[in-house]
Amino acid sequence: MSGFFFGPAEEQLFGYYHAPLRGDAGAVVICAPWGLEYQYSHRALRVLGQRLAACGYHALRFDYSGTGDSWGDTTDADLERWEQDLQLAVRELQKLSGRTRIDLVGLRLGAVVAASTARVRGDVGRVVLWDPVLDGEAWVQEMSGRAPALTPHEEDATSVALGPYRISPRLREQLRSVGPSRFGPELAEQILLLETAEPALSARPSIKHIQNLHYEFLADTSPWIEDIAIWAGQIPAKAVRRISEWFLR
Amino acid sequence: MVSPVKETVLNFGPRSCLVGVLCQPAGTRTADVVVVLLNSGIVHRVGPARLYVRLARRLAEHGYPVLRMDLPGLGDSEPLRGARSPGDQNVLGVSAAMDRLEALGVAKRFVLLGLCAGATTSFQLACVEERVAGVVLIDPPTLYPTWKHGLRRALSQISRPVVWGRLVSGRYGVTRKLWRRLRKPAGSTPTATGNVTPPHMQRQAVRGALALLAQRRVRLLLAITGAQREVYSYEDQFVDAFPGIGLERIVHTLMFPSADHTFTRESERARLERGLLDWLDAGAFPPLRSDETEAYRHRDVVLSAEAGANLTALVVSGLLCLLNTVQHV
């Protein structure tokens, strides 16, 4: 396992490669959520990468532009840029693994990026949509409520607040527009929609009707939500195991 | 002067199992110190809401190399093998980072920076790692009261009629709390939060550690946000809490009353960066080996000061109990 930078020299993206511990079962790019959801779920996605590597997969985690260790400020980012970043990550994993067909796992907003990119590429074998954001407007509202009460963000023409982050007005509009129409049967040959969130959220939009989509509900912890006791999300052991099994079957 | 920065991933430690991102000024030159950012809680090396990423880039733009590292078992770093305590793991992990940075010729002296729990880790490491020349503690979780802090808090509350009403009605339970405080065994001095502190952060232990840092002339920058206003109310409180060991020569405090705990707001982040740069630019980091004569002189000061402090501790403790109860409105 190792961390590295890839992409253009002036706009480096951070990646973390989990080499397969045995065999050569396939290659998976893991698409992270954004913002606090990214911060809280970092541990869980690391465990997922380790689990996939233990099952014989090449796994690559990476940070989008303006997130994590990658280049740029949070105001430099937008959804289209992140889709381009995922394209770069796919190419990087193709080089690392020697495989042409790459599978994708996307958690929360990462599922939106994975779906958009898979649609453009047309050569993605399998996609796991893990608790995807299906209602962008509601999600933006929820994120906005997570700003510290003491000091609300300054806003200006180039940046607006979303929780404790400053983002571009363009990205906020893009995020608001996220909806079920971003997901369709053309994304990949096989799609797993894995939902673990509480039933209270069941009023959200659904994409279960998509033809080649296999839906599963698995009662498990939500890694993108902070557990106050540990200041991070918990590890969803059942979901991690199920995703690995689905790829292996 | 602002200049471009370059970032590289650093794998180090046994089996290269530890991970960090080194952010350096463009061009190769040896710096006086490298700033090492340590995890805040278990948030990985980017820091809360990317605080550390931005901080590292700003410092590097102004000529200071910065390593954002994951301590063993956190972020992308593996735990170190062997049945060692988390404290030992941290010491070995940070020492391994320093070894690697020295081997790369980046610098030989280090400044440790941590927010919240990261501040505690930085402080503990500074006490045992002689290559540490400076420590930056941002909102450390354990802060210490002084009579002046208690008085300031009490005066700020005294003009509020609701406080008097509650005091007279017995709602604060002043008598009960005062009795409980006076019965506490020696050595369990309360912190400003009134919380029970772990042994290594109790006042006497911290006092001894600070005396050591003062002997080594390790510079200490304390950054306190508005989130601490209940427990830290004036700039010199930290120095006043540990009198007689020469802290005024090594401690510098920056107050950020409008900032939240993780410096969310843009203007507050900029202020933190500016304050940190000014402190680093002030320079005068100590040489690697401390002067033994100076160390002995300070040890004598510590011992005599502690003897006098013990006598007044009980009286001050009781007074603080009374004042603290008035603060909890």
Student: When rounded to the nearest 0.5 angstrom, what is the spacing between CD in A:Gln50 and CD in B:Glu78?
Tutor: 6.0 Å
Student: May I ask you to establish whether B:Arg54 and A:Tyr165 are in a cation-pi arrangement, using a distance under 6.0 Å from NZ or CZ to the six-membered ring centre and at most 45° from the ring axis?
Tutor: no
Student: Apply side-chain contact (heavy atoms from CB on, under 4.5 Å) to B:Val21 and A:Phe5, showing your working.
Tutor: CA-CA 10 Å; B:Val21 173; A:Phe5 283 111; 4.1 Å; yes
Student: Sub-3.5 Å donor-acceptor pair from the side chain of A:Gln39 to the main-chain atoms of B:Val43, do we have one?
Tutor: no
Student: Could you tell me whether the side chain of A:Trp71 reaches within less than 4.5 Å of the side chain of B:Val53, counting heavy atoms only?
Tutor: no
Student: Among B:Leu74, B:Val19, B:Ile42, which residue has the highest count of heavy-atom pairs closer than 4.5 Å to chain A?
Tutor: B:Ile42
Student: Does A:Arg43 use its side chain to pair, donor to acceptor, with the backbone of B:Gly75 at less than 3.5 Å?
Tutor: no
Student: Going from CZ on B:Arg45 to NE2 on A:His42, what distance comes out if it is rounded to the nearest 0.5 angstrom?
Tutor: 5.5 Å
Student: Which pair of heavy atoms, one from B:Val9 and one from A:Gly3, lies closest together, and at what distance?
Tutor: CG1-O, 3.4 Å
Student: Between A:Asp73 and B:Arg50, is there a side-chain N and carboxylate O pair less than 4.0 Å apart?
Tutor: no
Student: Relative to chain B, which segment of A:Phe4 carries a heavy atom at a distance below 4.5 Å: side chain, backbone, both, or neither?
Tutor: backbone
Student: Given a strict heavy-atom distance threshold of 4.5 Å, which part of A:Tyr40 is in contact with chain B: side chain, backbone, both, or neither?
Tutor: neither
Student: Let me know if A:Ile230 has heavy atoms under 4.5 Å from chain B in its side chain, its backbone, both or neither.
Tutor: both
Student: Report the C-alpha separation of A:Asp69 and B:Glu7 in whole Å, then their side-chain angles, then the decisive distance to 0.1 Å, and conclude whether the side-chain contact (heavy atoms from CB on, under 4.5 Å) test is met.
Tutor: CA-CA 9 Å; A:Asp69 289 306; B:Glu7 290 179 304; over 6 Å; no
Student: Is chain B contacted by the side chain of A:Ser70, its backbone, both, or neither, given a heavy-atom distance below 4.5 Å?
Tutor: backbone
Student: How far apart are the closest heavy atoms of A:Gly68 and B:Val46, and which atoms are they?
Tutor: C-CG1, 3.5 Å
